[in-house]
Each structure stands twice: as C-alpha cells, then as structure tokens.
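So the structure is just underneath, and the comments pick up after that.
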2 protein chains.
Amino acid sequence: MEVSTADVAPAMRLPVGLAGGVFPAGCPSRTVLDHITSKWGVLILLALSEGEQRWSELRRRAEGVSEKMLAQTLKTLERDGLVSRKAQPVIPPRVDYSLTERGYELSALLVPLVAWAFENADDIINGQRTD
Amino acid sequence: MEVSTADVAPAMRLPVGLAGGVFPAGCPSRTVLDHITSKWGVLILLALSEGEQRWSELRRRAEGVSEKMLAQTLKTLERDGLVSRKAQPVIPPRVDYSLTERGYELSALLVPLVAWAFENADDIINGQRTD
DNA sequence: GGCGGTACTAACTTCCATGCCAGTACCTTA
DNA sequence: TAAGGTACTGGCATGGAAGTTAGTACCGCC
C-alpha cells in the first residue's frame, strides 16, 4: 500500500506530536479542531468560502442553523481570527462576514473534504462499500 | 490573494448543492460529515492513517478516549466503510484496525487539515492574527 | 491465587452543544 | 397601527454525546 500522508501535502506532513500519540489531550490543537469541525463551523466556513455574506444570507445558506448558534459560531470563528465581521452603522443594520486570510487557508483544506463527503455520502449511508 | 478553492482539488470543486445553500438539512452529507468530523472520529482516522493498529494501541494514541467512545466510533466508521476490523481468534484476543481504500481517500484530505490545525493552533488560541 | 492485560458490552449518569422562545431597537411597508 | 425585516442577546429546556463503572472470558506472570 502506497497511500500515505506523504502523497497529500509534502509541506503539511503531520508533525512530531503524531509519532506515538495523535495529540496530547487538552492541547490547543484539540480546541482549534473542535471549533473548525463543529457542526455549524464547517457549514459556515464553507458558505463564506464563496465570498462575503450578510447575516441573513448565512442563515439561509447554512440551512437549519438557529440564530443563536449562528451568532455563537461566528463569534468563535471571529475570535479565532478566521472570520472578519464588518458592521455598518446603517439602519436597518447591515453586517458582512467574510473569511480572513487564515480563514481562506483553512477553507482551502475544508472544501475538498466536504466535497468528498458529499460525493461519497450516498454510498456510505447505503452501506455499499467497494472493498 | 491566490488561495482559493480552485487551487486545491480541481476535480473536487463543491457541487451544485452549494449554489444557494450549503447543504439541505438532514441530507446524507450532513450525517457523513458529522461522523468524520466528530471529536474522536478525526483522531482515530488520523491515527489509522499511519497504518494498521490494534485496539489498545489506538486507545493510547487517541489520548483521552474512553473505551466506550473508542468502540462506538470504530463501529460507526466500520459501518461507514472507512475502517476495517480484523479479529483474530486467538487468546488473548487480538483485533487489528486499518483504513479501507475509502478510508485512505478520506484521510488524505483529513491529514492536511489536522496538520494545519496543529501548526496554527498556538497563534489562534493566543489571539494573534496576522491580518 | 491474584493481579494485569486484551477486547469488548451494557447500564447509569453527567454535561454541554444545540434548540426554542422571547425580547430589543429601529425602520419600512401596508 | 400593525406587521415584518435586520441583527442580534439572553434564558430555559433537552437530547445526544460523552464519561464512569462494572462485568465478561481467557490467559500469562509472579
């Protein structure tokens, strides 16, 4: 078998921490991973990967998200420096959300993952493995 | 800025579903995404991406996982056709887990994501964005 | 003989993410 | 005047994820 991590991203090989244990419990990586792999985190990053969007637009695109979770998730992602918030002091309020540079980096990795999930979802759910 | 979704996986662009709504709520993609982005799902897939491993080895590598969650997660991933289980009828019991072909496909996308999280974790947690 | 390791399953409990609802402040349209 | 849209915040409820504990069956080690 020659499928290995090396095929994927030569400059992105998993670091030292992996040799002998995936991650120390409670290390920053775990926290960050939790944020970006959270149910709504993924969807929102994904939606924003296609460009700046307003609050209400995000609500519609991340179908099923409640206002509370949208606010909470956006706040987390903003604190993590992945999303930037631009509020315009107009009435009615208008707030635009977009990805930061770091956010784009992330979404570049996230998008193929989600695409893969989308493409394989039916097979997987129907229990049709090829192997 | 040249980081865009197009740079990543030309054949993996996000499909039609995305234009106008990330995913329908309750569609298979959501379910699969939940499995593979689950707290322990990620860690286990990651650990297995480095090759076949036994139960007890996985316990140690995914630091902090309880036996219950390990069993549960492995069962889910096995049902999804991402992990294969080989039990040897020896005493004491010996069970080896490895990724299926589909599992490797996934891990190839997951590994760079996790690597990114690892590399950026400190910056993110300390709130030091560069932008 | 008793402890520990291997690979689990099952029951009970706890806790946090999420959901649901209500409220805010201002404007527009009917 | 009343309803509805915009962008939120906060409280309470709950369900599912996760943790805890115990039990199983067999063996090797000391």
Side-chain angles (χ1 to χ4, degrees), chain A residues 22-27 30-48 52-80 83-98, chain B residues 22-27 30-48 52-80 83-98:
Chain A
V22 180
F23 277 149
C27 76
R30 293 269 184 113
T31 309
V32 172
L33 216 46
D34 280 352
H35 291 178
I36 64 185
T37 62
S38 74
K39 178 171 181 180
W40 300 114
V42 180
L43 275 329
I44 289 173
L45 287 168
L46 206 65
L48 287 176
E52 187 171 74
Q53 271 155 87
R54 316 182 47 172
W55 166 274
S56 48
E57 209 169 345
L58 282 173
R59 270 212 70 179
R60 282 187 293 270
R61 295 177 56 87
E63 206 186 312
V65 74
S66 67
E67 300 202 330
K68 184 187 172 178
M69 288 320 296
L70 181 55
Q72 200 179 103
T73 308
L74 282 170
K75 218 177 282 178
T76 302
L77 295 176
E78 200 196 344
R79 247 186 289 115
D80 287 350
V83 163
S84 82
R85 193 190 108 109
K86 279 162 220 145
Q88 292 168 37
V90 296
I91 279 171
R94 176 188 178 101
V95 184
D96 292 305
Y97 292 93
S98 54
Chain B
V22 179
F23 276 149
C27 75
R30 294 269 185 111
T31 309
V32 171
L33 216 47
D34 281 352
H35 292 176
I36 64 184
T37 62
S38 74
K39 178 171 182 182
W40 299 114
V42 180
L43 275 329
I44 289 173
L45 287 169
L46 206 66
L48 286 177
E52 188 171 73
Q53 271 155 87
R54 316 182 48 171
W55 165 275
S56 49
E57 210 169 342
L58 283 172
R59 272 212 68 178
R60 281 187 293 271
R61 295 177 57 86
E63 205 186 314
V65 73
S66 67
E67 300 202 330
K68 181 193 171 176
M69 289 319 297
L70 180 55
Q72 200 180 102
T73 308
L74 282 171
K75 217 177 284 180
T76 302
L77 295 177
E78 201 197 343
R79 248 186 288 113
D80 287 350
V83 164
S84 81
R85 191 191 110 107
K86 278 163 220 145
Q88 291 167 36
V90 297
I91 279 168
R94 178 191 176 100
V95 184
D96 292 305
Y97 290 92
S98 55

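Throughout, protein chains are lettered first and strands after them, A, B, ... in sequence-line order, and every chain is numbered starting at 1.
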Interatomic distance, [X] [atom1] vs [N] [atom2] [rounded to whole Å]:
X	N	atom1	atom2	value
B/Q72	C/dC8	CD	P	14 Å
B/L70	C/dC8	CG	C1'	10 Å
A/D34	C/dT18	CG	C1'	15 Å
B/K75	C/dT9	NZ	C1'	7 Å
B/R94	C/dC8	CZ	P	12 Å
A/R85	D/dA7	CZ	C1'	8 Å
B/E57	C/dG5	CD	C1'	15 Å
B/I44	C/dA7	CD1	P	14 Å

Do B/H35 and B/R79 have side chains that approach each other closer than 4.5 Å (heavy atoms only, starting at C-beta)?
no
Counting C-beta onward and ignoring hydrogens, is there a side-chain heavy-atom pair between B/L70 and B/L58 closer than 4.5 Å?
yes
Residue closer to the 5' end of DNA chain C, A/K68 versus B/R54 (nearest nucleotide):
B/R54
Mapping A/E67 and A/S38 to their closest nucleotides on DNA chain C, which lands nearer the 5' end?
A/S38
Please state whether the phosphate of [N], meaning OP1 or OP2, lies under 4.0 angstrom from any side-chain nitrogen or oxygen of [X].
X	N	answer
A/W55	D/dT9	no
B/S66	D/dA18	no
A/S56	D/dA7	yes

Which of C/dG19, C/dT6, D/dG5 is nearest the side chain of A/P92? It is D/dG5
Side chain of A/Y97: nearest nucleotide among C/dG19, C/dA7, D/dC8?
D/dC8
I would like to know whether B/L33 and B/F23 meet side chain to side chain contact (heavy atoms under 4.5 Å, CB included); could you show each step before the answer?
CA-CA 11 Å; B/L33 216 47; B/F23 276 149; 4.1 Å; yes
Before giving the answer on side chain to side chain contact (heavy atoms under 4.5 Å, CB included), spell out for B/D96 and B/Q88 the whole-Å C-alpha distance, their side-chain angles and the decisive distance to 0.1 Å.
CA-CA 8 Å; B/D96 292 305; B/Q88 291 167 36; 3.0 Å; yes
Using side chain to side chain contact (heavy atoms under 4.5 Å, CB included), reason through B/R61 and B/L46 one step at a time and then give a plain yes or no.
CA-CA 10 Å; B/R61 295 177 57 86; B/L46 206 66; over 6 Å; no
